[in-house]
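Below is one structure; the comments refer to it alone.
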Amino acid sequence: MPRKPPTPTADARRSDGPIQFLTPEGALESDSRLGLPARLDLPALYRDMALVRRLDTEAIALQRQGELGLWPSLRGQEAAQVGAAHALSAQDMVFPTYREHGVAWCRGLDPVSLLGLFRGTTLGGWNPYENRFQLYTLVIGAQTLHAVGYAMGLVRDDAIGSGDDSRDTAVLVFLGDGALSEGETNEAFVWAAAQNLPVVFFCQNNQWAISAPYSVQSRVPVAQRASGFGFPGVRVDGNDVLACLAATGDALARARSGGGPTLIEAVTYRVNAHTTADDAGRYRPASVTDEWIAKDPLERLRRHLTASGAVDEEFFAGIERREHELADHLRTGCRSLPVPGPASSFEHTYTTMPAELGHQLAGHLEFVASGQENGATR
Amino acid sequence: MPRKPPTPTADARRSDGPIQFLTPEGALESDSRLGLPARLDLPALYRDMALVRRLDTEAIALQRQGELGLWPSLRGQEAAQVGAAHALSAQDMVFPTYREHGVAWCRGLDPVSLLGLFRGTTLGGWNPYENRFQLYTLVIGAQTLHAVGYAMGLVRDDAIGSGDDSRDTAVLVFLGDGALSEGETNEAFVWAAAQNLPVVFFCQNNQWAISAPYSVQSRVPVAQRASGFGFPGVRVDGNDVLACLAATGDALARARSGGGPTLIEAVTYRVNAHTTADDAGRYRPASVTDEWIAKDPLERLRRHLTASGAVDEEFFAGIERREHELADHLRTGCRSLPVPGPASSFEHTYTTMPAELGHQLAGHLEFVASGQENGATR
Amino acid sequence: MSMPGISMVKALNNGLRRALQDDPKVLLMGEDIGRLGGVFRVTDGLRKEFGSLRVVDTPLGEAGIVGAAIGLALRGYRPVCELQFDGFVYPAANQIISQLAKLRHRSGGAITLPVVIRIPYGGGIGSIEHHSESPEVHFAHTAGLKVVTCSSPQDAYDMIRQAVAADDPVIFLEPKRHYWSKGDVTDEPPAPLERARVTRPGTDATLIAYGPTVPVALAAADVAAGEGRSVEVVDLRSLSPLDMDTVRESVHRTGRALVAHEASLSHGFGAELAARIQQEEFHFLEAPVLRITGYDTPYPPSRIESDWLPGVDRILDALDRSMSY
Amino acid sequence: MSMPGISMVKALNNGLRRALQDDPKVLLMGEDIGRLGGVFRVTDGLRKEFGSLRVVDTPLGEAGIVGAAIGLALRGYRPVCELQFDGFVYPAANQIISQLAKLRHRSGGAITLPVVIRIPYGGGIGSIEHHSESPEVHFAHTAGLKVVTCSSPQDAYDMIRQAVAADDPVIFLEPKRHYWSKGDVTDEPPAPLERARVTRPGTDATLIAYGPTVPVALAAADVAAGEGRSVEVVDLRSLSPLDMDTVRESVHRTGRALVAHEASLSHGFGAELAARIQQEEFHFLEAPVLRITGYDTPYPPSRIESDWLPGVDRILDALDRSMSY
Ligand SMILES: Cc1ncc(C[n+]2csc(CCOP(=O)(O)OP(=O)(O)O)c2C)c(N)n1
Ligand SMILES: Cc1ncc(C[n+]2csc(CCOP(=O)(O)OP(=O)(O)O)c2C)c(N)n1
Ligand SMILES: [Mg+2]
Ligand SMILES: [Mg+2]
């Protein structure tokens, strides 16, 4: 029988726990380990979290209506994503997984473009250079190496360490707690450390990799992994948008200045099932989820904003109107996403279509034009 | 331009440096971090190191004479290998790379069987169950996962934690400093840690992966990697056979008792080129190598044995005679290694030869029997 | 035991349960196969029945799964791995191709690796990218591996047990779009794992299929019958080794051969079949061997996958071409 | 510039030097390619000339090399990776097959990945296991990749520069057993990278080869000529896309086709060639397409590799069989 490893110490004392500025009750506190950014737009952070949650809710509804094949919900992770994204400079490059709808939103992507992949009308959906937000990556861990390579390019472009804020650039790459177990992710850590690359690994430890609790992957916190490679790991309350923003800002600044990589662990929770195709009831008790819902990232900022008098009722009403507009936009946009034409599978496989592929395309177009289809029509 | 990371602190103070019992001058000291085993057979350790060095020297000579295609020399790493191997129990299983000739020797393998792979007469050369020493693995890192799986088997066989010394079993897997960068190695760390498996990772940090100095792979010591996964990493003087023995013994005992994995870093040096096909002069100065030769693992134990009066001249003379016998055995054995027959490539591809492969074999045998060969014979 | 009208998922589940019951050395491992019962529920209930040491939820890493399975096999176990989807097999390529396939041979037969790697594969279920791939050729091209695929609940039940009992490593491909197709399953002694099956006899042409395309081929043969053409359908079942005897016998009789698979045309499985048939039946072929396959492009977005996949109409068109020679 | 009597290694070295000179975005990366100049010295001297930021000694990890190259390409670079040996390409399979090959297509053409992956490949040099593999089919079967291989110093020099200049990912296979073969190399404008070449004209049969087997095929054609048979040798050069026009034209004339490669027979490159030729030249073939290849076993120990590899005698035997139809 396997002996149980010593369980990692619970965050009994505050200074051992994840960095936190905003308590679940909405109180703003300081943390000796990290400073808050000088300028903070709390209403904007709240607004983005609220809109992103609505985006998510609407996509789930669209999936239920059969408009999407699948949707990976970000519910519960709004603070992690919006906080991290608010720390980005325009020139920074983002490498997401498949759940970073909140980051996409903050990067300015039309949220309708996120739906194509899950509706089955596209394999991508946006130009990764336009908003400096790369395509979603479904193969766990693969994007971490792309981020590292991109960061190698930044080094060669002298795009770090100049002191010029509009020039110095970093890479922000997202990954899940499960992704920490893939070999490729660890190779990315090796490269980033040995070459001191300007890359920030932002891990949303949402406690689950589909049905696997984090204990299946590791017996120590995510952030500790970095120490084995010799670069800093930071653990923050992933439901505290300020902690996520501050830690990411700090790490990105270090990366841009030539100070090398950081691994950020945002401790949060996947409130919904893995995707709309998953049934979380099979592997986890609802009670734990309820505990996390009590730590809701939006609620605590709402409490703080209300208590501090920074915003009024109209602020929330305005957000609600924008939520409705967003939902309308998503519903309409989703249904009018163009179904790709029969030639589209053949296009862009190569920069120039090889002759043989051209023959296959010609045959395929003829087949489709003849009105035949996959089933038997004769 | 990449900024240089802070260089890991040199082992300025003794307590920061690798664990060491035997100084290069041959003095035996204690180390507060680890105890020496109660029973130590110093003459046997010396004898094995000496014989293993001779084995290596002879194999290099055989390669020069064209009898071997290639030989990866272990010179300089005798203490690491012999020390680690002396800590093994009979029932423990060893997973080597391609350089563990010293471990093979201590496990009781006929050293001639090591030559076949490098002579090109076999892809294996020994039965991995007979001496509980698996086949050499050339694909860097791959064996670490096999070790982990084997350790999972031990857990399921209740072969750990019983307190019965003849029953409790551990796995000892070897890897190089370069192997720390492969994804598969890191996955092995993930599995070993999360499941608290009875496996000891023994990394000979010989400073080089072919032409790559360790700084290409990492900016922190090998042993530190383990902390990122939440299990102990130990750094020992790899040229001190006692430190290697003690640390491995300690780690294996912990593994057998159910205490989980350990990563041992034996800090040593690859005195020769990567293999006989390599030219180290192209990438490293001879002066560094000379410094390491001064820390020779055999020499320090010889000094200690002589100074302490534990052995006499006859002891060394006896070893020299055994060295000659060994060299003779290797020379004769190498030349009489059987060249595999034409059917051998086809055998053991499957447990039962598929019909189609049988046809290919028949055709091949006919071809060979007709006296034809690869070149043009007509 | 008779299991009337069960799905392929259930048949596999029953087969795995039997395998676990029959041999204490059998264990299952993979991502989400325990508590969840697998994303397709193939291992549903088995963790509860056999415990977490025999039905193992693994960390997220495919190299790890296969590499650890090799180690378990070296210790005498018979691991059955699930790789969650076809598109996630590549991180394990090194362990499968350079290690699993070769170790027995390298050891001169001293090592036996009875490892099964189950892979839900193929398209047609409206999935997202990397979830509809057909990687069979990578394995069929690798000496030392057996590669099999089932097309009915009965075969699923029989073949998974035979695969677990086999002493060679087996890549076990499960056509996920037929996971929910139902059929009666009995406990009769099955045909050998390596044997192809003539699923529908015919005289005018031989249509070779496997896994996901078998039901499509049968549907095409049905329509063809209505048009007065008698098509013999061969279900290969084993892709490596390949049962050329059954294929040859059929083509020898019909003089015409067609192959249907989902993988891309170039270097797809049909290439090897065409190469062999044209060589072994050169004088008896009345038409070239024709291939109806996926195109030489990445698998398309799901809204247009049905046109991309080899369907009944494309098979019938190819049959027309074959008959017109 | 004329380079008389240089080796293929030197030709590649010169080609890479030119590529580095011509475009500041080109960079080389791989294990031991810097200080050491690569285990085969293909990159000899280039680190000194272009610095360690453009000729990069990487950590030991093939997924890392290809994954990082993708990232560099996303930033506008043109990385040329060296994977040290054919047998060590599999850890990079996921990055090559699921990422490198697909990203352009997935992005609807927004992403361009001009990445070259150089792989010394094939057997015949007395190497140890995993150092003599022929993995070409894994890549040729993957849509989105170009796969090319050279067989002479001139082609090596031209093709490596063309590969670096190409905007698609290119798997560049270097037949290591011809690394030290010498030939004159000039700077004439080369034929397109995708074009096959008739290396020796003939009328009785078409012998198709690529990379390592081209010199073997030429030697066999020589012997055959002495026996009164005129064999046309086609060097494919590009494995994907495949120049079927050249192949078809030749086989159409000769009526006989043979393919020689080192990879295992089953699902080897010859399968696709045979499948296409039998289909496209059905009425003109006087004999089936025959394949002379490695066997369906792991690559053997080096002392017996020469019998395992397709050599002149085996090619001549196959030619006899072909002519006897
Ligand atoms: C290489 C690979 N293996 C398996 C999968 C199947 N899969 C999709 S998501 C997932 C869990 C990922 O967990 P985590 O990294 O924690 O991210 P999260 O979904 O929680 O955001 C798995 C196993 C995959 N996509 N890629
Ligand atoms: C996967 C893989 N990539 C590349 C190689 C080529 N190679 C052989 S040995 C070696 C260096 C290994 O260095 P290290 O792990 O430090 O072991 P050492 O040789 O120093 O004992 C390399 C790159 C390989 N064998 N396997
Ligand atoms: Mg997660
Ligand atoms: Mg080393």
Side-chain angles (χ1 to χ4, degrees), chain A residues 93 95 117 122-130 134-139 141-157 159 169 171 173 182-184 186-188 190-195 197 199 340 344-359, chain D residues 24-25 27 29 51 53-54 56-77 79 91-92 94-95 97-115 143-146 166-169 194 238 240-245 276:
Chain A
M93 181 57 91
F95 287 83
L117 186 65
T122 173
L123 303 171
W126 57 89
N127 181 323
Y129 297 106
E130 255 166 37
Q134 293 289 326
L135 296 184
Y136 276 179
T137 297
L138 295 181
V139 183
Q143 76 284 1
T144 60
L145 285 168
H146 308 165
V148 154
Y150 194 91
M152 287 174 72
L154 292 177
V155 167
R156 281 154 184 79
D157 290 343
T169 310
V171 178
V173 54
E182 281 286 358
E184 296 196 352
N186 291 280
E187 291 195 26
V190 166
W191 287 58
Q195 299 172 40
L197 296 172
V199 56
S344 66
S345 317
F346 297 80
E347 285 159 2
H348 307 304
T349 298
Y350 296 92
T351 49
T352 315
M353 194 177 296
E356 159 67 17
L357 193 54
H359 296 317
Chain D
K25 290 294 185 187
L27 55 80
M29 55 197 291
L53 285 178
R54 294 191 68 197
V56 187
D57 273 325
T58 67
L60 211 173
E62 291 71 18
I65 293 172
V66 177
I70 292 172
L72 277 156
L74 289 171
R75 179 73 194 175
Y77 283 85
N94 185 45
Q95 286 292 337
I97 295 174
S98 292
Q99 304 295 325
L100 182 62
K102 290 197 167 93
L103 262 165
R104 178 181 182 78
H105 185 259
R106 288 175 54 207
S107 72
I111 288 174
T112 302
L113 293 181
V115 175
L145 301 176
K146 292 191 169 187
D167 280 335
D168 293 306
E194 299 76 18
S238 175
S240 179
L242 181 57
D243 177 6
M244 268 310 285
D245 288 348
R276 293 203 185 192

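So that the names make sense, note that chain A is the first sequence line, chain B the second, and so on, each numbered from 1. Keep in mind the model is a prediction, meaning the values are calculated, not measured.
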Inset, instruction - Give, as side chain, backbone, both or neither, the part of D:A143 having an atom under 4.5 angstrom from any heavy atom of chain A. - result: both

Legend entry - Value rounded to 0.5 Å, distance of CD in A:Q143 from CG in D:L74: 12.0 Å

Inset, instruction - Find the one option among D:I65, D:L242, D:D245 whose heavy-atom pairs under 4.5 Å with chain A are most numerous. - result: D:I65

Legend entry - Side-chain touch A:E184/D:Q95, heavy atoms, less than 4.5 angstrom: yes

Legend entry - Within-4.5 Å side-chain heavy-atom neighbours: D:P59 and A:Q195: yes

Inset, instruction - Any chance you could measure D:R106, atom CZ, to A:L138, atom CG, to the nearest 0.5 Å? - result: 6.5 Å

Legend entry - A:E347 versus chain D, the contacting section by heavy-atom distance below 4.5 Å: backbone

Legend entry - Spacing of CG belonging to D:D168 relative to OG1 belonging to A:T352, to within rounding of 0.5 Å: 6.5 Å

Inset, instruction - Identify which of D:P241, D:S240, D:P169, D:G144 forms the greatest number of heavy-atom pairs closer than 4.5 Å to chain A. - result: D:G144

Legend entry - Pairs of heavy atoms under 4.5 Å with chain D: top-ranked of A:V148, A:L117, A:N127, A:D157: A:D157

Legend entry - Interchain contact, D:K25 with chain A, by part (heavy-atom threshold 4.5 Å): side chain

Legend entry - Pairs of heavy atoms under 4.5 Å with chain A: top-ranked of D:A166, D:S107, D:P79, D:A110: D:A110

Inset, instruction - Mind listing the closest non-hydrogen atom pair of A:S345 and D:H105 along with its distance? - result: O-NE2, 2.9 Å

Inset, instruction - Name the option with the most non-hydrogen atom pairs under 4.5 Å to chain D; the candidates are A:V171, A:T122, A:T351. - result: A:T351

Legend entry - Contacting region of D:L60 [heavy-atom separation from chain A under 4.5 Å]: neither

Inset, instruction - Determine yes or no for a side-chain-to-main-chain donor-acceptor pair under 3.5 angstrom, with A:Y350 supplying the side chain and D:L145 the backbone. - result: yes

Legend entry - Closest contact, heavy atoms only, D:A63 versus A:L145: O-CD1, 3.4 Å

Legend entry - Heavy-atom side-chain contact between D:R75 and A:M93 under 4.5 Å: no

Inset, instruction - Please look at D:V56 and chain A and tell me whether the side chain, the backbone, both or neither of the residue comes under 4.5 angstrom of a heavy atom of that chain. - result: side chain

Legend entry - Heavy-atom side-chain contact between D:I111 and A:P128 under 4.5 Å: yes

Legend entry - chain D contact via A:A188 - which portion, at a heavy-atom distance below 4.5 Å: neither

Legend entry - Engaged part of A:E130 at the chain D interface, taking heavy atoms whose separation is under 4.5 Å: neither

Inset, instruction - Would you check if the side chain of A:H146 reaches a backbone N or O of D:I70 as a donor-acceptor pair within less than 3.5 Å? - result: no

Inset, instruction - Of all the heavy-atom pairs spanning D:L53 and A:R156, show the shortest one and how long it is. - result: O-NE, 2.6 Å

Inset, instruction - Indicate the atoms forming the closest heavy-atom contact of D:Q99 with A:A142, along with that distance. - result: NE2-CB, 3.5 Å

Inset, instruction - Would you name the heavy atoms of A:W191 and D:G61 that are closest together and state the gap between them? - result: CZ2-O, 4.1 Å

Inset, instruction - Please state whether the side chain, the backbone, both or neither of D:L113 comes within less than 4.5 Å of a heavy atom of chain A. - result: neither

Legend entry - Portion of A:T144 that has a non-hydrogen atom of chain D nearer than 4.5 angstrom: neither

Inset, instruction - Provide the closest heavy-atom pair for A:V139 versus D:S98 in the form atom of the first, atom of the second, distance. - result: CG2-CB, 4.4 Å

